[in-house]
Amino acid sequence: MAKAEGFKVTPWEVTGKIDYSKLIKEFGTEPLDDKTLARIKKHTKDLHFMLRRKIFFSHRDLNWLLNEYEKGNKFFLYTGRGPSGPMHMGHLVPFIFTKWLQDKFGVELWVQFTDDEKFLFRKNHDDKQEKFTNYAYENMLDVIAVGFDPKKTHFLLDTLPGHAGLMYGEAVKISDRITASTAKAVFGFEDSHSVGKFFFTSIQAVPAILPSALKGKNIPCLIPLGIDQDPHFRVARDVLPKLGYYKPALLHGKLVEGLLEDGKMSASNPHSAIWLTDTEEQVKEKIIKHAFSGGRGSLAEHRKLGGVPEIDASYRWLQALFEPDDKKLAKIYKDYKSGKMLTSELKAYTIKKINAFLKEHQKKRELAKKQLDKFLFKCC
Ligand code: TYM
């Protein structure tokens, strides 16, 4: 469990301002260096802006995965979503990046929806299991809307009887190798926590080996994910070789900060993020009224001193999500920092970008309702 000075990162709780170099040391991952990026580029021809800008910044065993790929041993992708409620822009980051990987490498993708997890870790004990299953089906529409290839993409829903049946046998074997003291050390669990919580990580490990189990041969796996999910796979990487499988390779993303000063995107404060179902007006209001600004107190002061793009929520969102063009982004940075661009202008540009994205996303989300069946894995 990462609990360095001033910040904490676990799969269920992220607090404070994350120092990513410290986190790399603490988690024991490898920084994504230029040499590895060049290796990726050899196969993909260009680099996604999330790689160029080190939004995806750290990995485990990516060079091994590329070695295998270059030997002709194709990998598959695995990522997931814990359906705790509607999805916000932050949740979409790994999916947008994963779609690019799927397109570039032409590989299969498995997506796990952990409605069991969100039930086991819910804060309100009156919430029933079905609530999270319903959110899972809603969230699936957002994931489909990202544009994955239905022929190569398979959704797993943890409590769906067929899928549960498929995964449980493997999860049992994995859980047999994880002691309670490991779960306590890695996840910070205590004796008062339910045994369901202790067991859950075994289920999240399964899709990393399921295609290998189904085909009866080892297939390398690459998991693009937010770094908060790393602890699950640190445990899985320990256990899976003992069961005869490869360790999955990981590619970690930073956790994009929310709109408010404290940086958290949280369902308890709707102003802290953009939800994928927000209307144009809601986006406008959130950015204008609530997005933290790096601008100065008065127009005169802003023109004289310039803004601070690094702390400005609109700028950060353009950088992480909405302005893929490096030249345009660099100009915005320069103009804002020099005081030539005003906060109102930066916000207006960001609103336009977000609303253009959401308009398309929401259209595709509607169409996704008819496609759901193609994405749910047909196993039994
Ligand atoms: P969940 O639903 O919390 O998050 C889904 C994915 O989004 C990432 N993420 C973010 N990325 C960038 N900026 C943010 N602000 C942000 N917030 C969340 C998460 O790291 C995650 O990659 N237990 C998992 C579901 C899961 C999974 C997996 C995730 C099952 N199998 C395999 C990754 C890989 C969960 O609750 O994710």
Side-chain angles (χ1 to χ4, degrees), residues 2 9-15 17-18 20 23 27 50 53-58 60 76-99 101 109-122 132 135-136 138-140 142-143 146 154-159 163 167 171 174 187 197 200-210 221-237 248-260 262-267 269 272-276 313 316-317 319-321:
V9 178
T10 81
W12 303 284
E13 195 185 4
V14 178
T15 54
K17 180 104 191 128
I18 304 171
Y20 286 103
L23 199 56
F27 277 8
M50 290 184 188
R53 296 178 193 164
K54 300 269 167 88
I55 304 294
F56 281 80
F57 71 107
S58 150
R60 291 185 191 270
F76 70 92
L77 293 159
Y78 159 41
T79 194
R81 158 72 183 152
S84 51
M87 284 172 80
H88 59 53
M89 275 313 304
H91 297 130
L92 217 57
V93 169
F95 289 99
I96 292 172
F97 179 60
T98 300
K99 156 142 174 76
L101 289 170
L109 164 67
W110 290 75
V111 184
Q112 181 182 39
F113 291 85
T114 53
D115 54 343
D116 52 347
E117 172 192 15
K118 293 300 146 179
F119 172 69
L120 288 166
F121 288 85
R122 72 200 181 287
F132 303 99
Y135 279 138
E138 284 296 315
N139 292 175
M140 284 176 195
D142 286 304
V143 173
V146 173
H154 315 290
F155 287 180
L156 293 167
L157 174 59
D158 285 355
T159 65
H163 293 177
M167 289 191 280
I174 294 167
F187 300 112
K197 286 183 177 161
F200 169 72
T201 196
S202 322
I203 289 281
Q204 184 151 326
V206 173
I209 51 105
L210 191 64
C221 169
L222 173 62
I223 310 180
L225 73 176
I227 187 122
D228 60 321
Q229 297 295 315
D230 179 78
H232 284 299
F233 299 107
R234 211 179 312 149
V235 175
R237 282 166 48 87
L250 310 181
L251 190 40
H252 304 103
K254 290 181 182 160
L255 302 171
V256 175
E257 289 184 21
L259 296 173
L260 309 181
D262 70 3
K264 267 186 82 81
M265 288 196 210
S266 157
N269 186 350
S272 65
I274 300 291
W275 266 264
L276 300 174
R316 283 194 283 96
W317 276 43
Q319 184 187 41
L321 279 156

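Each ligand, and each atom within it, is numbered from 1 in the order the structure gives.
Below 30°, between 30° and 60°, or above 60°: for Phe57 and His252 the angle between ring planes is between 30° and 60°, a tilted geometry. Note on ring orientation: taking the six-membered ring where Trp is involved, the planes of His232 and Trp12 are perpendicular (angle over 60°, cut-offs 30° and 60°).
Residue Lys118 places a heavy atom under 4.0 Å from ligand 1. Judged by the shortest distance from any of its heavy atoms, Lys254 lies inside the 4.0 Å radius around the atoms of ligand 1. Ligand 1 lies nowhere less than 4.0 angstrom from a heavy atom belonging to Pro11. The shortest separation from a heavy atom of Phe233 to ligand 1 is under 4.0 Å, placing the residue in contact.
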Ile174 and Thr201: CA distance, side-chain angles, deciding distance, side-chain contact (heavy atoms from CB on, under 4.5 Å) verdict: CA-CA 9 Å; Ile174 294 167; Thr201 196; over 6 Å; no
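A cation-pi contact links Arg122 to Phe119, judged by a cut-off of 6.0 Å to the six-membered ring centre and 45° from its axis. In this structure, Lys197 is not positioned above the aromatic face of Phe187 in the sense of NZ or CZ being under 6.0 Å from the six-membered ring centre and within 45° of the axis.
Among protein heavy atoms, the minimum distance from atom 31 (N) of ligand 1 is reached at Tyr78 OH, 2.7 Å. In terms of protein heavy-atom proximity, atom 24 (C) of ligand 1 is nearest to Gln229 OE1, 3.2 Å. Annotation: atom 13 (N) of ligand 1 to nearest protein heavy atom, Val256 N, 2.8 Å. Scanning all protein heavy atoms for the shortest distance to atom 18 (C) of ligand 1 gives His91 CD2, 3.7 Å. For atom 1 (P) of ligand 1, the closest non-hydrogen atom on the protein side is Gly82 N, 3.8 Å.
Using a 4.0 Å cut-off to heavy atoms of Gln112, the atoms of ligand 1 that qualify are 30 (C), 31 (N). Those atoms of ligand 1 with a heavy atom of Ile223 less than 4.0 angstrom away are 34 (C). Those atoms of ligand 1 that come under 4.0 Å of a heavy atom in Thr114, given as number and element, are 25 (C), 30 (C).
Side-chain N or O atoms of Trp317 include one that pairs as donor or acceptor with a backbone N or O of Glu257 at under 3.5 Å. Of the possible donor and acceptor atoms, none in the side chain of Gln204 sits under 3.5 Å from a partner among the backbone N and O of Thr114. Of the possible donor and acceptor atoms, one in the side chain of Arg53 sits under 3.5 Å from a partner among the backbone N and O of Gln319. No side-chain donor-acceptor contact under 3.5 Å links Asp228 to the backbone of Glu13. With hydrogens and angles disregarded, a donor-acceptor distance shorter than 3.5 Å links the side chain of Thr79 to the backbone of Pro224. Under the 3.5 Å distance criterion, the side-chain polar atoms of Lys254 are matched with a main-chain donor or acceptor of Lys54.
Taking each of Leu225, Ile55, Val111, Asp228 in turn, the one with a heavy atom nearest to atom 19 (C) of ligand 1 proves to be Asp228. Nearest-heavy-atom check against atom 5 (C) of ligand 1 across Gly80, Gly226, Pro94 picks out Gly80. Closest heavy-atom approach to atom 16 (C) of ligand 1 among the candidates Ala205, Gly258, Gly253, Gly90: Gly90.
The side chain of Val93, and not its backbone, has at least one atom closer than 4.0 Å to an atom of ligand 1 (non-hydrogen atoms only; side chain from C-beta on). Contacts between Ile227 and ligand 1, counted as non-hydrogen atom pairs separated by less than 4.0 Å, are absent for every part of the residue. By the criterion of a heavy-atom distance under 4.0 Å, the side chain of Glu117, and not its backbone, is placed next to ligand 1.
Between Gln204 and ligand 1, a contact under 3.5 Å exists for at least one N or O pair.
Considering only heavy atoms from C-beta on, Pro94 stays 4.5 Å or farther from Leu225 through its side chain.
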